[in-house]
Number of protein chains: 2
Amino acid sequence: MATCSQCPVRESSICHSLSADALDRFGRAGRRQTLLAGQTLMWEGEDALLVGNVVDGILKLTASLSDGRDQMLGIAFPSDFIGRAFGTKTRHSVTAVTDAEVCTFRRSDFDDLARRHADVEHDLLKRTLGELDQMRKWMQVLGKMTATERVAVFLIEMAARLCPDVESETALIRFTLPIGRQDMGDLLGLTIETVSRQITNLRQRQIIGTPDRRSIVIYDRRALAACAGMG
Amino acid sequence: MATCSQCPVRESSICHSLSADALDRFGRAGRRQTLLAGQTLMWEGEDALLVGNVVDGILKLTASLSDGRDQMLGIAFPSDFIGRAFGTKTRHSVTAVTDAEVCTFRRSDFDDLARRHADVEHDLLKRTLGELDQMRKWMQVLGKMTATERVAVFLIEMAARLCPDVESETALIRFTLPIGRQDMGDLLGLTIETVSRQITNLRQRQIIGTPDRRSIVIYDRRALAACAGMG
DNA sequence: AGTTGTCATTGACTGGGATCAAAAACCAGA
DNA sequence: TCTGGTTTTTGATCCCAGTCAATGACAACT
């Protein structure tokens, strides 16, 4: 019933490689779902019953230690694929950080469909390989970088994902953070206080500006990149 | 020329799903290579020209920051797949830590073959998804855990991979570490000194024994698991 | 405007792991 | 058995980021 042809992520999600009739099959299996900010779609440790596409909004992937320490494992943007295909357990929770729209499949349905559509499997493979590369970069951040470096890397990463005209040398880079300080800390392996101090420090050095607490302006890209340890 | 039928990882590597004639095609494309301990097969940042299977020995995946800080990203055991399929850049180096035997393919050859053999692609996808899960677990380790917890997690992980009879409740667990203290530090985001101190501490508490510096005996699994923050 | 609750910032202090330095254990080859 | 080189252990000290605590900013209500 969801008219995939009008889906905002039709061309960028995992569905982009589907032919018209294959799209129809997926359309029948999929289900549009609206999530409120804070709502959790999948829980860590649960059976992996769902997978899906992010259609709109931002979600976070998190896992926690038995004593409550939280680690954020990633941020999912529109057209990203979420959930654990071909697996029985979901190893992390998926929670909406803004109001969000997702298109979910029963995992078993998706697995069957994907098996029958090599293009979808291939696309999923490429996405997964890309995510693995990404995750390895984060491993370097968490394993070896100082607090300043971590925050700088994060800001550069966010600019790249959120700022369309980041390529142009001259344009002023400005974006709205998808997550708050606490989540930034959980992602970067820092406390909220340390994140805050680092941002204050970057602002005092005129490298960035913070028009309001959710917005970042990058004044000096060179300096920020230097802080991130990228020469 | 490589007789795949006698390959030690024939049944466990990515090739296990190949039919006899498909195996022949892969066999022609593949090339057996021997590496000496310390030899590097692929360099971080290089074009991704090679992929392959580990046939024998242990390799490590590493990436370094511009100032030389090294992060180990993983350890590859026999039957593991190495290299970046369907990508242009190798984001990490692959280096033998023991003498090793690998079966390599030109990446473009492998990509073509894999595209034509859905089973291989599917297997690669499942491996990649598994690795991603694994990597997310390490992210938790690096982001949130104390030095003791990190070392304990590492030892438990190694026991699981290296000790065949780890399942049996009663058996004494003993194994040889595939890597030295420096590499352990690089994997766990700690210095060599801290790793050494943590191991000394675990030994003094009679939780483990170290018959020689490359060997570990686990006396008290319960206590070690507790140190790893697994209740 | 005032109240309440959430989130961010700032400050003072602490501690775990890094750093620096030296000794000890181990290994390989002569 | 000695010897030089590597790896690991141990010790002393330091510092970055964590912790604890208070304050400030802001949005959503009355």
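Reckoned from all heavy atoms, side chains included, excluding hydrogens, waters and symmetry mates. So that the names make sense, note that chain A is the first sequence line, chain B the second, and so on, each numbered from 1.
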Among [options], which nucleotide has an atom closest to any side-chain atom of [X]?
| X | options | value |
| --- | --- | --- |
| B:S196 | C:dA18, D:dT8, D:dG18 | D:dT8 |
| A:I192 | C:dA8, D:dT10, C:dA18 | C:dA8 |
| A:R181 | D:dG18, C:dA8, D:dT8 | C:dA8 |
| A:R203 | D:dT10, C:dT10, C:dG17 | C:dT10 |

Base, sugar-phosphate or nothing for B:I199? Non-hydrogen atoms, less than 4.0 Å. nothing

Touch check for B:T191, heavy atoms < 4.0 angstrom, all strands: base, sugar-phosphate only, or nothing? base

Sub-3.5 Å pairs of nitrogen or oxygen atoms, protein against nucleotides 20-28 of chain D:
{"unit_1": "D:dC20", "atom_1": "N4", "unit_2": "A:E193", "atom_2": "OE2", "d": "3.0"}

[X] [atom1] to [N] [atom2]: how many Å, rounded?
| X | N | atom1 | atom2 | result |
| --- | --- | --- | --- | --- |
| A:R214 | C:dT9 | CZ | C1' | 16 Å |
| A:M184 | C:dT9 | CE | C1' | 14 Å |
| B:K144 | D:dA17 | NZ | P | 15 Å |

Just to confirm, is there a sub-4.0 Å distance from OP1 or OP2 of D:dA17 to any side-chain nitrogen or oxygen of A:T194? no

With nearest nucleotides of DNA chain D determined for A:G189 and B:G180 from heavy-atom distances, which residue corresponds to the more 5′ nucleotide? B:G180

